[in-house]
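Reading through the structure tokens given below for one structure.
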Amino acid sequence: MELLITGNSTPTAGNLPARASSAPSAESASIRSDVDAARNTALSALNNDRFRVMLEQISDPRASGALMTMGADSNDGAATDLKTALSRYAENSE
């Protein structure tokens, strides 16, 4: 899977033409800011190699079985606590 971003083909709330009849309200400015932040976050994620690799892995049809079986085993009653999960995440992030 290859993601190619060539430009902004659709306008976001930040670059839509303003209505001539009314001044922008604080609410519309907040929405515009939220949309721009979401767009920047999405572009950042798409340009992140680790995120791209993860998307390739989970979009592989062969991975669906493994993803379906992930989770805590309800038979033994064991669960991973937050500290253990964070530790494992840190180990895998290095």
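For the single chain, residues carry numbers from 1 onward in sequence order. Just so we're clear, the structure is a prediction, and the values are computed from it rather than from any experiment.
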Inset, instruction - Quick one: list whatever passes side-chain contact (heavy atoms from CB on, under 4.5 Å) with T41, sequence neighbours left out. - result: none

Inset, instruction - Report yes or no: do I58 and V53 belong to one cluster of Ile/Leu/Val/Met/Phe/Trp/Tyr joined by side chain heavy-atom distances under 4.5 Å? - result: no

Inset, instruction - Inspect the contact between R39 and D36 and indicate whether a charged nitrogen and a carboxylate oxygen are less than 4.0 angstrom apart. - result: no

Inset, instruction - Could you work out the complete set of other residues in the hydrophobic cluster of L86, with links drawn between I, L, V, M, F, W and Y side chains under 4.5 Å apart? - result: L82

Inset, instruction - Measure the spacing between NZ of K83 and CZ of R88 and express it to the nearest 0.5 Å. - result: 14.0 Å

